[in-house]
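Just so it is clear, the values below take in all heavy atoms, side chains as well, and ignore hydrogens, waters and symmetry mates.
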Amino acid sequence: MIFTNDKAIYIQMADRLCDEILAGKYRDDDRIPSVRELAVLLEVNVNTAVRAFDELSRANIIYNKRGLGYFVTPGAKKQILKERRKAFMKERLPELFRQMQLLGITLEDVKVAYDAQQNA
């Protein structure tokens, strides 16, 4: 995984696990990689992975079964979608609309581009 400078690494790791849940790689009650496995896979310090798991645990996305590892909380996918949609609407859409207005892009233009992308 290539990390960017715009977010803390542990947040990017948590986002990646959320992406994998959204993509269906992990479903409700599936075991996810251990802290150590994830740290090795992503080539980060174990403490960074621990922070990512703590973040996801606090958000009720994953839960720990003592001695067995971490698992996806039932309903996590729905919760992630809800939070990401809310963040998108609040943080990204206003700037997108501003750029559309500046560039004279209509919603119809966006629909045509969207449809073309879906058919590609």
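With a 6.0 Å radius and a threshold of 12 heavy atoms from other residues, nucleotides or ligands, E95 has its CD atom above the threshold. Within a 6.0 Å radius of CZ in R85, no more than 12 heavy atoms belonging to other residues, nucleotides or ligands are found. Around the CD atom of Q99, the shell of radius 6.0 Å holds more than 12 heavy atoms that belong to other residues, nucleotides or ligands.
I80 and M89 are assigned to two separate hydrophobic clusters, defined by single-linkage of ILVMFWY side chains at heavy-atom distances under 4.5 Å. Linking Ile, Leu, Val, Met, Phe, Trp and Tyr residues whenever their side-chain heavy atoms come within less than 4.5 Å leaves L96 and L102 in two separate clusters. F88 and Y114 are not part of a single hydrophobic cluster, where members link through side-chain heavy atoms under 4.5 Å apart.
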**OP:** Would you sort out whether R31 and L68 count as a side-chain contact (heavy atoms from CB on, under 4.5 Å), showing the intermediate values?
**Re:** CA-CA 9 Å; R31 184 183 176 279; L68 297 176; over 6 Å; no
Original post:
Can E83 and Q79 be said to form a side-chain hydrogen bond (donor to acceptor under 3.5 Å, both in side chains), step by step?
Top reply: CA-CA 6 Å; E83 290 302 315; Q79 183 178 340; 5.9 Å; no
Original post:
Can you list the steps and then say if L56 with I32 is a side-chain contact (heavy atoms from CB on, under 4.5 Å)?
Top reply: CA-CA 12 Å; L56 292 171; I32 62 171; 5.5 Å; no
Subject >> Trace of the side-chain hydrogen bond (donor to acceptor under 3.5 Å, both in side chains) decision for T106 with D109 >> reply: CA-CA 5 Å; T106 66; D109 296 333; 3.2 Å; yes
**OP:** With side-chain contact (heavy atoms from CB on, under 4.5 Å) as the test, would you mind laying out the steps for Y26 and L17 before giving the verdict?
**Re:** CA-CA 9 Å; Y26 302 113; L17 281 169; 4.3 Å; yes
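Considering every non-hydrogen atom in both C18 and I61, the closest pair reads SG-CG2, 4.4 Å.
You'll find the side chain of N47 stays beyond 4.5 Å of the side chain of Y10, heavy atoms only.
We find the OG1-CD distance between T48 and E43 to be 13.0 Å, quoted to the nearest 0.5 Å. Interatomic distance, CE of M13 versus CG of L41, reported as 8.5 Å (0.5 Å rounding). Q12 contributes atom CD, which lies 10.5 Å from atom CG of L42 (distance to the nearest 0.5 angstrom). The OG atom of S57 sits 11.5 Å away from atom OH of Y63, with the distance rounded to the nearest 0.5 Å. Rounded to the nearest 0.5 angstrom, F97 CZ and I105 CD1 are separated by 12.0 Å. How far CZ of F71 is from CG of D28: 13.0 Å, rounded to the nearest 0.5 Å.
A salt bridge links D19 to R84: at least one charged side-chain nitrogen sits closer than 4.0 Å to a carboxylate oxygen.
Not one N or O on the side chain of T73 forms a donor-acceptor pair closer than 3.5 Å with the backbone of A76. A donor-acceptor contact shorter than 3.5 Å is absent between the side chain of E55 and the backbone of I11.
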